[in-house]
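Numbers here simply count residues along the sequence, with the first being 1. Just so we're clear, the structure is a prediction, and the values are computed from it rather than from any experiment.
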Amino acid sequence: MQSSKAENINNIFFDGYYKQIWRGLIPEGLTKAEIDFVMETAGLRSGSKVLDLMCGYGRHALALARKGIEVTAVDNLADYVYEVKEIAEKENLLVSCIQANVIEFRPVETYDLVLCLGNNLSFFNEQDIEKLFSTIASHTKKGGLFISNTWTIAEIVFKNFTNKSWSEVKGLKYLSDSKIFFSPSRIETEVTIVTPNGLQEIKAAIDYIYSLNEIESMLKKAGFLLKETWSIPGKKKFAIGEPRAYLIAEKI
């Protein structure tokens, strides 16, 4: 590829066209199913308080707020936080938007439910996860829930792992090269993103791998009881090799 076409694309996911493609990877039906499950499982009603950590562009935060839930939406990326805030203000929704490092973030309220959806726990090493769980527990009401999902726990990764993969969405190509390492267990991935006109960006990522038992132990240490693990929320319990897991933990 010519060097003129190999330039880095800064903030590729926050430039109009690419943002829409990224969103297109998540079906609207999935968001609706997740929201319906969350509402029923946590017993949410108008006036309930929810903390959405690593909220991204707000697909859960905004959907919950439209149902009368008071949401605190936190993300480390200013682009996401600004967008969620803009939509919330336009629709007059009860969403408090905060840009912060989630590990250092200290809530000022106590919540009926804390969400951390989108495989976000894999971003953090064991020390940071324990710190995050401790913070969440101290700001979750007794009997309240913490709900997260993942596709990089050991029970999924070690059965389904592939070193190389590629996909294409509306002309945008994703070429992934991944390797598994241990001590700590993790996947290190390099993704080359190629645009329709030949420009490319390379992103590197580390996803830490935990077993369900390790996550359960860290939750228990923080004051949570892992109650259920689903593959399809409310419909199918998790089994080894399923593509994703939804973890439901209760503050005790």
Side-chain angles (χ1 to χ4, degrees), residues 13 21-38 41 52-60 63 75-77 80 102 114-126 128-129 132-133 136 145-169 172 174-182 184-193 203-219 224 226-249:
F13 293 121
I21 289 178
W22 177 246
R23 292 179 179 184
L25 296 174
I26 303 175
E28 290 184 9
L30 175 60
T31 300
K32 182 181 184 305
E34 289 176 339
I35 293 299
D36 289 346
F37 174 75
V38 163
T41 303
D52 187 1
L53 292 173
M54 304 292 283
C55 67
Y57 59 83
R59 65 188 185 97
H60 298 107
D75 202 279
N76 62 313
L77 295 178
Y80 280 147
V102 296
V114 177
L115 292 177
C116 190
L117 297 172
N119 201 46
N120 293 317
L121 295 182
S122 67
F123 296 161
F124 307 115
N125 60 32
E126 184 176 347
D128 283 344
I129 281 194
L132 180 64
F133 284 175
I136 291 171
L145 299 183
F146 170 56
I147 299 179
S148 183
N149 71 341
T150 176
W151 45 88
T152 54
I153 55 174
E155 289 83 353
I156 294 174
V157 170
F158 294 144
K159 186 170 182 178
N160 300 328
F161 178 76
T162 56
N163 292 95
K164 296 181 183 295
S165 65
W166 78 278
S167 60
E168 182 174 349
V169 180
L172 195 66
Y174 298 82
L175 312 173
S176 299
D177 187 358
S178 302
K179 297 179 181 179
I180 288 182
F181 296 89
F182 301 97
S185 295
R186 65 198 186 278
I187 300 172
E188 295 189 7
T189 302
E190 184 175 271
V191 181
T192 302
I193 307 165
K203 290 182 174 289
I206 296 178
D207 291 301
Y208 291 97
I209 303 170
Y210 302 100
S211 69
L212 277 174
N213 183 63
E214 288 174 321
I215 294 176
E216 183 175 16
S217 294
M218 289 187 284
L219 285 168
F224 283 103
L226 182 61
K227 295 184 63 179
E228 295 178 310
T229 305
W230 297 88
S231 175
I232 301 176
K235 295 183 179 180
K236 185 179 181 182
K237 292 293 185 68
F238 177 76
I240 292 176
E242 296 282 0
R244 64 188 58 82
Y246 289 80
L247 284 61
I248 317 300

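Under the 3.5 Å distance criterion, the side-chain polar atoms of Asn119 are matched with a main-chain donor or acceptor of Trp151. Between the side chain of Asp177 and the backbone N or O of Lys164, no donor-acceptor pair lies under 3.5 Å. Of the possible polar contacts, none joining the Ser165 side chain to the Ser176 backbone as a donor-acceptor pair under 3.5 Å is found. Asn149 contributes a side-chain N or O that, together with a main-chain N or O of Gly118, makes up a donor-acceptor pair within less than 3.5 Å. Looking only at distances, no side-chain donor or acceptor of Glu242 sits under 3.5 Å from a matching main-chain atom of Ala239. A donor-acceptor pair under 3.5 Å is absent between the side-chain atoms of Asn160 and the main chain of Val157, judged by distance alone.
Taking a 6.0 Å sphere around CD of Glu190, one finds it holds 12 or fewer heavy atoms contributed by other residues, nucleotides or ligands. Counting non-hydrogen atoms of other residues, nucleotides and ligands closer than 6.0 Å to CD1 of Ile180 gives a total above 12.
Relative orientation of the Tyr80 and Tyr57 rings is tilted, given thresholds of 30° and 60° on the angle between their planes. Note: Trp230 and Phe37 have perpendicular aromatic rings, judged against thresholds of 30 and 60 degrees for the angle between ring planes.
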Residue pair Tyr210, Leu121: steps toward the side-chain contact (heavy atoms from CB on, under 4.5 Å) verdict | CA-CA 9 Å; Tyr210 302 100; Leu121 295 182; 5.9 Å; no
Phe181 and Ile206: CA distance, side-chain angles, deciding distance, side-chain contact (heavy atoms from CB on, under 4.5 Å) verdict | CA-CA 10 Å; Phe181 296 89; Ile206 296 178; over 6 Å; no
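What you find for Cys116 and Ser148 is that their closest heavy atoms are O-OG, 2.8 Å. Taking each heavy atom of Phe161 and Ser178 in turn, the nearest pair found is CZ-O, 3.7 Å. Among all heavy-atom pairs drawn from Thr152 and Ser122, the shortest one is OG1-CB, 3.1 Å. Closest non-hydrogen pair, Leu77 versus Asp75, comes out as N-OD1, 2.9 Å. Closest of all the heavy-atom pairs between Leu117 and Asn120 is O-ND2, 2.7 Å. Here the shortest heavy-atom pairing between His60 and Leu115 reads CB-CD1, 4.3 Å.
Contact check for Asp207 versus Phe123: side-chain heavy atoms found under the 4.5 Å cut-off. Residues Thr41 and Ile248 are in side-chain contact: their nearest non-hydrogen atoms beyond the backbone lie under 4.5 Å apart. At a threshold of 4.5 Å between non-hydrogen side-chain atoms, the residues Tyr208 and Ile129 do not count as touching. Residues Leu212 and Leu247 have side chains in contact (heavy-atom distance under 4.5 Å, counting atoms from C-beta outward). Side-chain contact between Phe238 and Ile156 is present, with at least one heavy-atom pair separated by less than 4.5 Å. Looking only at side-chain heavy atoms (C-beta outward), Asn76 and Met54 come within less than 4.5 Å of each other.
One finds the NZ atom of Lys227 at 13.5 Å from the CG atom of Leu219 (value rounded to the nearest 0.5 Å). Atom-to-atom distance recorded for Thr229:OG1 and Arg244:CZ is 14.5 Å, nearest 0.5 angstrom. One finds the CD1 atom of Ile240 at 6.0 Å from the CD atom of Glu155 (value rounded to the nearest 0.5 Å).
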